[in-house]
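Notes for the one structure printed next.
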Amino acid sequence: MSAHTEQHAHHGGHDDHHHDDGHPESTLKGYAIGFVLSVILTAIPFWLVMNNVIADSGTLALVLLGFGAVQIVVHMIYFLHMNSKAEAGWTMLSTIFTVVLVVITLAGSLWVMFHMNTNMMQVHSHEMTHPN
């Protein structure tokens, strides 16, 4: 083997035990941790809702959104193997862009639903107080 071939094989070959590209190593242990965390982060909100642990619906919604946000982070780290070093920051930039789009979409949807509910209730209550 020539020196150039040995150097190429040493630097260009795939080493299964060492990653310099910033991606976390995909292991069964990592997937198992992600799976267990996902199950826990799904079971707790389910239990909170089914047992009516939090009576105030606004507080319950915030708690459920918090659990959802944590679960998104768990999926990104353990299943999508995303971190700030991967692919020269493009992964993090695309994540930030996605989060901004999701926030805009959710905020807009909630705004539309709130105003539809308010406007429909006003018409409905108006019809009930002034029958024709």
Side-chain angles (χ1 to χ4, degrees):
M1 211 187 242
S2 69
H4 177 64
T5 307
E6 287 179 21
Q7 185 180 13
H8 179 69
H10 181 268
H11 292 291
H14 295 286
D15 188 0
D16 292 333
H17 302 292
H18 182 69
H19 294 281
D20 287 332
D21 60 358
H23 292 285
E25 188 174 351
S26 300
T27 62
L28 184 59
K29 180 181 176 183
Y31 286 123
I33 291 170
F35 176 74
V36 169
L37 287 174
S38 295
V39 168
I40 291 169
L41 291 170
T42 300
I44 292 173
F46 184 80
W47 175 78
L48 289 173
V49 171
M50 293 305 291
N51 293 318
N52 202 17
V53 174
I54 301 173
D56 181 39
S57 62
T59 305
L60 179 62
L62 289 175
V63 169
L64 295 178
L65 286 172
F67 273 103
V70 171
Q71 191 167 43
I72 288 170
V73 171
V74 166
H75 283 232
M76 287 171 41
I77 292 171
Y78 287 99
F79 298 120
L80 299 177
H81 308 292
M82 296 174 73
N83 60 24
S84 60
K85 295 178 184 176
E87 297 165 6
W90 281 108
T91 303
M92 188 57 64
L93 185 62
S94 64
T95 302
I96 292 169
F97 179 71
T98 303
V99 167
V100 168
L101 284 179
V102 167
V103 167
I104 290 171
T105 303
L106 288 176
S109 298
L110 291 173
W111 181 76
V112 167
M113 287 189 280
F114 173 77
H115 285 287
M116 281 179 52
N117 184 40
T118 302
N119 292 335
M120 290 177 74
M121 291 306 291
Q122 287 176 353
V123 170
H124 189 273
S125 64
H126 177 66
E127 288 175 359
M128 291 180 77
T129 57
H130 301 298
N132 291 337

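Please read these numbers as outputs of a predicted model, since none were measured by experiment. Just the heavy atoms: all of them, side chains too, but no hydrogens, waters or symmetry mates, feed the values below.
Placement of Val70 and Ile54 within a single hydrophobic cluster is found when ILVMFWY residues are connected by side-chain heavy-atom separations under 4.5 Å, directly or transitively. By the criterion of side-chain heavy atoms lying less than 4.5 angstrom apart, applied directly or through intervening Ile, Leu, Val, Met, Phe, Trp or Tyr residues, Leu65 is not grouped with Ile72; the two fall into different hydrophobic clusters.
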For residues 101-112, please give each side-chain donor-acceptor pair under 3.5 Å, one per line with the distance, not counting sequence neighbours.
residue: Thr105; atom: OG1; partner: Leu101; partner atom: O; Å: 2.8
residue: Ser109; atom: OG; partner: Thr105; partner atom: O; Å: 2.8
residue: Trp111; atom: NE1; partner: His115; partner atom: NE2; Å: 2.8

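Partners of Leu64 under the side-chain contact (heavy atoms from CB on, under 4.5 Å) rule, at least two apart in sequence or in another chain, are Pro45, Val49, Leu60. Ile40 meets the side-chain contact (heavy atoms from CB on, under 4.5 Å) test with Val36, Ile44; sequence neighbours excluded. Under the ring pair (Phe, Tyr, Trp, His ring centres under 6.0 Å) criterion, Phe79 pairs with His75, sequence neighbours left out. Every residue two or more places apart in sequence or in another chain that forms a side-chain contact (heavy atoms from CB on, under 4.5 Å) with Ile33 is listed here: Lys29, Leu37, Tyr78. Considering only residues two or more places apart in sequence or on other chains, Val53 meets the side-chain contact (heavy atoms from CB on, under 4.5 Å) condition with Trp47, Leu48, Asn51.
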